[in-house]
Amino acid sequence: MKNIKIALALILALVMVLAFASCKTEEYVESEKPVSGETQKPKDDGASAAAGTFGYEVPQDFTELEKKDGQITYVSDKYPEETSNIVYTESPGAYFKGAMTAEKLEKTFELAFKNQYDLETDIVIDAFEEVEIESFPGYIVVMHYELQGQKVFQTQLMLGMGEKLHNLVFTQMNDEDYSEKFGNCLDSVTITAG
């Protein structure tokens, strides 16, 4: 059961990213592992210089589990007993302000679960807000759903910067509560001029 919860939590975060961003990835911009309290900043490879660099602070009790294909997954120090996670991705793609609605996003996520993993679920969008961070447009989406007997709560920031989409997905399972830490991480997002 524990392995199913772990796999499910990681799949859920990935579905949220794939549902919004292109499934294709370009060469990954390597990131340095943050030290306690340090901001996560991808190394400058020149590709994001015009738009800037996306940064965030990872909670101190979260560590990097995996880094591959343009994605970094962080888990709490209670992993694998607790499977809450933070997933950051940077992928190629254009952002169209106002093109997405809560209803479209809900259907997109449900379709992604079905197409990627042959899983059916009813997603409930609790909050959907268009935001701007340092003049870059995006969305913050708060949702919940139940999948294979597991209660899932997610918050996702999707931000368009030039030709890149940045996604920061926070996933909590069942009774785990990292709301405050996830909120602090979300509040720490910064854009550094390129």
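Because the structure is predicted, anything quoted here is derived from the model rather than measured. We use all heavy atoms of the structure for the numbers below, so side chains are in, but hydrogens, waters and symmetry mates are not.
Here the side chains of Ser135 and Ile191 are not in contact, with every heavy-atom distance at 4.5 Å or above. Here the side chains of His144 and Asp126 are in contact, with some heavy-atom distance below 4.5 Å. Between Asn167 and Tyr88 the shortest side-chain heavy-atom distance does not fall below 4.5 Å. Annotation: side chain of Val169 is not in contact with side chain of Thr155 (no heavy-atom distance under 4.5 Å). When side chains are defined from C-beta on, Glu64 counts as touching Ile72, because their heavy atoms get closer than 4.5 Å.
In summary, the side chains of Gln154 and Thr171 do present a donor paired with an acceptor at a separation below 3.5 Å, with no hydrogens or angles considered. Using modelled atom types and a 3.5 Å distance limit, the side chains of Asn184 and Glu57 yield no donor-acceptor pair. Side-chain N/O atoms of Tyr178 and Ser76 include a donor and acceptor closer than 3.5 Å. For the residue pair Thr108 / Glu106, no side-chain donor-acceptor distance below 3.5 Å is found, with atom types taken as modelled. Looking at Thr89 and Gln71, their side chains never bring a donor and an acceptor atom within 3.5 Å of each other.
Contact check on Lys164 versus Glu90 returns a salt bridge, with a Lys/Arg side-chain nitrogen under 4.0 Å from an Asp/Glu carboxylate oxygen.
By the salt bridge (charged side-chain N to carboxylate O under 4.0 Å, His left out) test, Asp61 is found to be paired with Lys181, residues two or more places apart in sequence or in another chain being considered. Residues meeting the ring pair (Phe, Tyr, Trp, His ring centres under 6.0 Å) test with Phe128, sequence neighbours left out: Tyr139.
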Review point. Between Lys107 and Glu110, is a salt bridge (Lys or Arg N to Asp or Glu O under 4.0 Å) present by the stated rule, with each step listed?
Key: CA-CA 5 Å; Lys107 294 300 174 201; Glu110 289 173 357; 3.6 Å; yes
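Summarising the local packing, CD of Glu180 is surrounded by 12 or fewer heavy atoms from other residues, nucleotides or ligands at distances under 6.0 Å. Within a 6.0 Å radius of CG in Asp175, no more than 12 heavy atoms belonging to other residues, nucleotides or ligands are found.
Here Met173 contributes atom CE and Thr83 contributes atom OG1; the two are 4.5 Å apart, rounded to the nearest 0.5 Å. Taking CG from Asn85 and OG1 from Thr73, the interatomic distance works out to 6.5 Å, rounded to the nearest 0.5 Å.
Relative orientation of the Phe182 and Phe170 rings is tilted, given thresholds of 30° and 60° on the angle between their planes. The aromatic rings of Tyr145 and Phe113 lie perpendicular to each other, with more than 60° between the two planes, well past the 30° mark.
Here salt bridge (Lys or Arg N to Asp or Glu O under 4.0 Å) pairs that include residues 113-122, with residues two or more places apart or in two chains, are Lys114-Asp118, Lys114-Glu120.
Between the Glu82 side chain and the Glu176 main chain, no donor and acceptor come within less than 3.5 Å of each other. Without hydrogens or angle criteria, Gln172 side chain to Ser179 main chain gives a donor-acceptor distance under 3.5 Å.
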